[in-house]
Amino acid sequence: MCGIVGYVGAKDCSEVLVSALSKLEYRGYDSAGIAVFEDGKIRIEKEKGRLLDLQKKMESDGVPKGNVGVGHTRWATHGVPSSVNSHPHRGGDKVTLVHNGIIENYKELKEQLIAQGRVFISETDTEVVAQLMDMNYEGDPEKAIAKTLAQVEGSFALGILFADRPEELYAVRRESPLIVGVAEGESFIASDVPAIIKYTTQYYLLEHDEIAKLTHEGVSFCDLEGNSIEKELKVADWDQEAAEKGGYEHYMLKEIHEQPTAVKTTLTPRISDGMPNLEECSITLDKLKDINQIYIVACGTAMHAGMVGKYVIEKQCKVPVIVDIASEFRYRDPLIKEGDLVIIISQSGETADSLAAMRLAKKMGAKTLAIVNAKGSSIAREADMLIYTHAGPEIAVASTKAYMVQISVMYLLAFELAFAKGEITKEECRRLTDILLGTSANIEKTIELVDGDCNTIAEALTEADSLLYIGRGLDYALSMEGSLKLKEISYIHSEAYAAGELKHGTISLITEGMPVIAVATQNALYDKTVSNIKEVKARGAKVILVCDEQAEVGADVADFIIRVPRIEEMLMPMLAAVPLQLLAYYASVRRGNDVDKPRNLAKSVTVE
Ligand code: M6R
């Protein structure tokens, strides 16, 4: 998964490409590069490292001058992050391209190409496509692209320059996302809308195996047989400011602060007359009534949102829920029956494993419901039913506001399902929905309340080699997310454990001073969790307790207490999530890490 961009227009192409790439670095940041037609010839500038490293290199080399070009930011899959493996790649004299995705049969193709005398300089699968395209090019770009696509297998989006066509840019995709933006006298390609939002809000979604041709005269589309295609012009509702840091030191902090608005914007249009109403998402009470089994399939944080959903749906609706990691689900022969509901949760809507799991579920006769943030993404487009979360662009690799809106939708769905199944009355459903909507204000209050404490307490985490998150029930589901957040941005090892399970082995890890973050917001389980806290405390743990403002905490229970407002017990994860996010954030800042772009990661995981 990488980010690709391209530009044709009157502006300084290098400047546009670098600006667009800066919005795509969340997709990968192992290396960056651009290729621009300069005086009729393609000039490539690329460098290992961040976009900033490329910019520095170009300061000394000189920035390519021209009006047509492509750019790339990489998350390495084939071959180490290095200058030579960076994109753009030349295929020979005729073709230069950038690529996002994976060419599955690149080894066979490479062997064939070598046998035909081709010489490779990089370890990438991309160079194989470039060489193949170069071989296939006989003056007709569309034909060369079609011929190449007939030979390659996998997922990819390509931005292609043909050396003898200095006024043209071509793009094509299969599986990997790609949009084509248009404005007066100029056009763009990009992996995602935020990359070009500074220049235009108008764009086309390129479909599988469609070819786009961008020239100074405009944009045209055709299929692999060369038949021209009319496409619907879309208008993005994300503005530039939403994709910028807006005065915050990091995107992650900004996104934590955007949670109250994100929750409100997501829920409000789905509530009418105080009741959940998901009809615009093709979800009716009649459809819900017939559901007897639910699978929630997702990856990472989105899967953790599914864990919260499981606890809530099973309790409220009495419908069994299985939560599956998408990469496991797709290969474990799941026992899906016709009529089961499979819910796919994804911020990006492009996560390869989640997309494949959804396709499998559909094939097996299940109804699929996608909960997705990125508009027009693959998962959104292919699901039977769709609930868009309205978190706006999430740029930080560590997901915060997307998680918050995902769990808000889980609750809303659970309340409607419980009502449809006759498990709760209309009055109860209204009451719960009202409290859910009110979480927006409570999240805001929580951020104000806990921010300072989290910053201070994070100091106690920074020197730790390892720590534990413990909780029971919903607090356990939330602990999983807290633990992931901390690991991915602070690089401190942590595990989330069901508090009651500790004494079956894991408690042996506790040593003097080891931090344990205990989440205890569920009344019925509170005393039991406190007993488990005392067990770790007795063995030297330094306990950080997250509980509600009314909890009675004995003097010997915790070293630090973080209190959040008390609301309906079931909805407490929406508030308790905030201190867990902030602890991770401040721990990462204190350790001097790159908070928004943690090592080895990328925002959108479009490879298996
Ligand atoms: O775009 P998705 O929601 O499908 O992404 C799933 C995971 O890759 C993602 O949540 C990942 O775990 C985040 N880095 C967590 O902060």
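Since the structure is predicted, the reported quantities are computational estimates derived from the model, not experimental observations. Order of appearance sets the numbers: ligands from 1, and atoms from 1 within every ligand.
Checked against a 3.5 angstrom limit, the closest N/O atoms of Gln406 and ligand 1 fall outside it. Between Val397 and ligand 1, at least one pair of N/O atoms sits closer than 3.5 Å.
Ligand 1 lies within reach of Lys485, whose nearest heavy atom is under 4.0 Å from it.
For the pair Lys375 and Tyr388, the cation-pi test (distance below 6.0 Å, angle within 45°) is passed.
Ring-plane geometry between Tyr585 and His250 is classed as perpendicular, the angle between the planes exceeding 60 degrees on a 0 to 90 degree scale with a lower cut at 30.
If you number the atoms of ligand 1 from 1 as listed, the ones under 4.0 Å from a heavy atom of Ser399 come out as 15 (C), 16 (O). Which parts of ligand 1 touch Ser348 is read off a 4.0 Å heavy-atom cut-off, strictly below it: atoms 1 (O), 2 (P), 4 (O).
Thr301 N, 3.1 Å is the protein heavy atom nearest to atom 10 (O) of ligand 1. At the shortest separation from atom 3 (O) of ligand 1 among protein heavy atoms lies Gln347 N, 2.6 Å.
Between Val180 and Tyr203, every side-chain heavy-atom pair lies at or beyond the 4.5 Å cut-off. Between Thr368 and Met385 the shortest side-chain heavy-atom distance does not fall below 4.5 Å.
Side-chain atoms of Asn277 come within 3.5 Å of backbone atoms of Glu279 as a donor-acceptor pair (strictly under, hydrogens ignored). With hydrogens and angles disregarded, a donor-acceptor distance shorter than 3.5 Å links the side chain of Asn373 to the backbone of Gly392.
Of the heavy atoms in Glu488, only side-chain atoms (C-beta onward) come closer than 4.0 Å to ligand 1.
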